[in-house]
Amino acid sequence: MNRSPTTEARFVRYALIAVALGFLLLNLGLPLVAVFVEAFRKGIGPYLVGVREPDALAAVRLTLLVAGIAVPLNVVFGVAAAWAIAKFDFRFKSVLITLIDLPFSVSPVVSGLIYVLLFGLQGWAGPWLRAHDAQIIFAVPGIVLATIFVTFPFVARELIPLMQEQGRDEEEAALSLGASGWATFRRVTLPNIRWGLLYGVLLCNARAMGEFGAVSVVSGHIRGLTNTMPLHIEILYNEYNYVAAFAVASLLAGLALVTLVVKSLLEWRYRDQLAGAAH
Amino acid sequence: MTAIALSGPARHTGRMAPQLLARRASIIPGFGLSLGFTLFYLCVIVLVPLSAIFIKTAGLGWADYVRVALSERALAAYRLSFGAAALAALINGGFGLLVAWVLVRYDFPLKRVVNALVDLPFALPTAVAGIALTALYAPNGWLGSWLVPRGIEVAFHPLGVVVALTFVGLPFVVRTVEPVLADMGHDVEEAAATLGAGRLATFRRVVLPAILPALLTGIALAFARAVGEYGSVIFIAGNLPYKSEIAPLLIVQQLEQYNYAGATAIAATMLLVSFAALFAINLLQAWGRKRTAT
């Protein structure tokens, strides 16, 4: 019995590891494996049919389009918010930070509902939109808006603590040496925050492509037109077309795995250049 | 870079009291532009749309609000949503603490893979998680075919809601507790051992009090996420009114019947609970900071 007094007996350690791994396997590992097993249950042929069908391809295209609009907008917002909050002092800063996190505590369904109340036919702007022949709800703009809302805090909440940790000295030095504001941002700030920015973009993108509840409320579920990949999965599943549903789901599960691998690489390689806060 | 940084003016050492929402004299440009854009975007995307819920609910009148948002069916849905979320958060509190402990304190093969897997619920779309869990726990699934003959029905029962919410909430607890556990020095535990405390007593009386604020914060975060969760639940829940119907689903159903007022009233009720949870989380985090500061 020559173990250190601040660790546990060997059998206790092994038992704790076994219980923890068992829980993770049951709760997280099995569902992940099940996606791929169900997708290939009838072999590669039906899998490819499910993935290549025109409605599935349209859903993939729409998902890429929506993420392609929502993520860059939230990157611009995240950088602007972090710049204002980290580089300047002003009142009500902590209130602003809390408000930026607000979308995380709103149910996805409510996130969609708020845009229906604004832009739906019975909504505030509904009659005006109708008069001008414009449609936001049950159309792509509504899906984009709902996606922006649910992914709103991701980039900002990664960059704000990171830029606060980094302080202002380097920017002030560059500016006092005569660099312009834009050059300072591009050549001093951006290199400092690039890995944190990538980390935020990664999480933002995963959520943008996978969002279900908010998008489901505003989409209208028109096949081939307003169905994103998660919505397409729901339709296939409710039609008992399990192989196709899991085939499309396996694409999103693949995206999740890539996200996790890149995220782990960033944490492993550039830990000191990411914000310390856990998500 | 360091040479430049050293020669730079150390302007912000003396902290001046900020004037009315205004900047302190600074040579860094872009305050107006960045804060202006931040506030504009925040208002357009978040604040104005969210206010629509409360304005619409206020227009409803008290009697109508009570009739819709506090109907028998709605109350049953809240009970399930809040009850299952609380149960799932507590389960995650226990197992999340265990997983964080094992990840911080012990070494084992494939630890990096396990560590990455913990974040799966953040990365895996909820609809995918929902159909995968349903396939597992359905009567012909890998787990269901073993559980159902033994009288434990998960899929299409309220227990399924708890399973889905446990999946969704786990990383919140692990990732909140982990850094606090990692930062904790061994000295206090050594002191406890020197004074004759066993490992269990040390954990209960030294480690647990130190990580309690983080643990409670993690549980609250998991709860807040679980209360509003929709995608992973609706596939596995069965969605029977009064029995396995969660509150967010009730909102969707009101919308499908074009009952916007009903949907909004239920949404407002849920938002109030979410904001209360957010407030509690902020208090817990402030408590945690005070703990670590002293």
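Just so it is clear: chains get the letters A, B, ... in the order the sequence lines come, proteins before strands, and each one is counted from 1. Small disclaimer: the values here were computed from a predicted structure and weren't measured. Just so you know, these numbers use all the heavy atoms, side chains as well, and skip hydrogens, waters and symmetry mates.
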Of the listed Glu178(B), Glu256(B), Arg112(B), the one with the largest count of heavy-atom pairs under 4.5 Å with chain A is Arg112(B)
Residues passing the side-chain contact (heavy atoms from CB on, under 4.5 Å) test with Ala247(B), sequence neighbours excluded, are Ala77(B), Tyr78(B), Ser81(B), Met270(B)
Shortest non-hydrogen pair, Pro121(B) vs Leu28(A), comes out as CG-CD2, 3.6 Å
Whatever's closer than 4.5 Å to a heavy atom in chain A on Leu136(B) counts as side chain
The interface call for Ala52(B) against chain A, heavy-atom contacts under 4.5 Å, is both
Cut-off 4.5 Å, heavy atoms of chain A, and the answer for Leu200(B) is neither
Inset, instruction - Fit a plane to each ring of Phe31(B) and Phe90(A), take the angle between them on a 0 to 90° scale, and name the class: parallel (under 30°), tilted (30 to 60°) or perpendicular (over 60°). - result: tilted
Quick note, side chain to side chain donor-acceptor pair (under 3.5 Å) partners involving residues 36-56 of chain B, not counting sequence neighbours, are Asn74(A)-Tyr41(B)
> Do the side chains of Glu8(A) and Trp101(B) get nearer than 4.5 Å, heavy atoms only?
Replying inline: yes
Turns out that what part of Ala193(B) lies under 4.5 Å from chain A's heavy atoms comes down to side chain
| said: I want to check something: taking the side chain as every heavy atom from C-beta on, are Glu234(A) and Ile234(B) in contact at a cut-off of under 4.5 Å? | reply: yes
Of the listed Ile85(A), Val35(A), Leu113(A), the one with the largest count of heavy-atom pairs under 4.5 Å with chain B is Leu113(A)
Residue pair Phe122(B) / Thr259(A), side-chain heavy-atom distance below 4.5 Å
no
Practice item. For the residue pair Ser176(A) and Ile27(B), establish whether any side-chain heavy-atom pair is separated by less than 4.5 Å. Key: yes
Turns out that what part of Leu278(B) lies under 4.5 Å from chain A's heavy atoms comes down to side chain
Mind telling me whether Phe212(A) and Phe235(B) have parallel, tilted or perpendicular rings, with 30° and 60° as the class edges?
tilted
Between Tyr258(B) and Gln122(A), is there a side-chain heavy-atom distance shorter than 4.5 Å? yes
Is there a side-chain contact between Leu170(B) and Phe23(A) in this structure, where contact means two heavy atoms from C-beta onward sitting under 4.5 Å apart? yes
d(Ile114(A) CD1, Leu271(B) CG) to nearest 0.5 Å is 8.5 Å
Counting heavy-atom pairs under 4.5 Å with chain A, the top scorer among Thr126(B), Leu117(B), Leu133(B) is Leu117(B)
Tightest non-hydrogen contact, residues Ser264(A) and Ala116(B), listed as OG-CB, 3.2 Å
Turns out that what part of Ser232(B) lies under 4.5 Å from chain A's heavy atoms comes down to neither
Under 4.5 Å to a heavy atom of chain A? For Phe275(B) that would be side chain
| said: Using the ring centroid of each side chain, check whether Phe108(B) and Tyr14(A) are separated by less than 6.0 Å. | reply: no
Sidechain-backbone polar pair: Ser274(B) side chain, Ser105(A) backbone, donor-acceptor under 3.5 Å: yes
If one checks every heavy atom of Ala267(B) against chain A at 4.5 Å, the contacting part turns out to be both
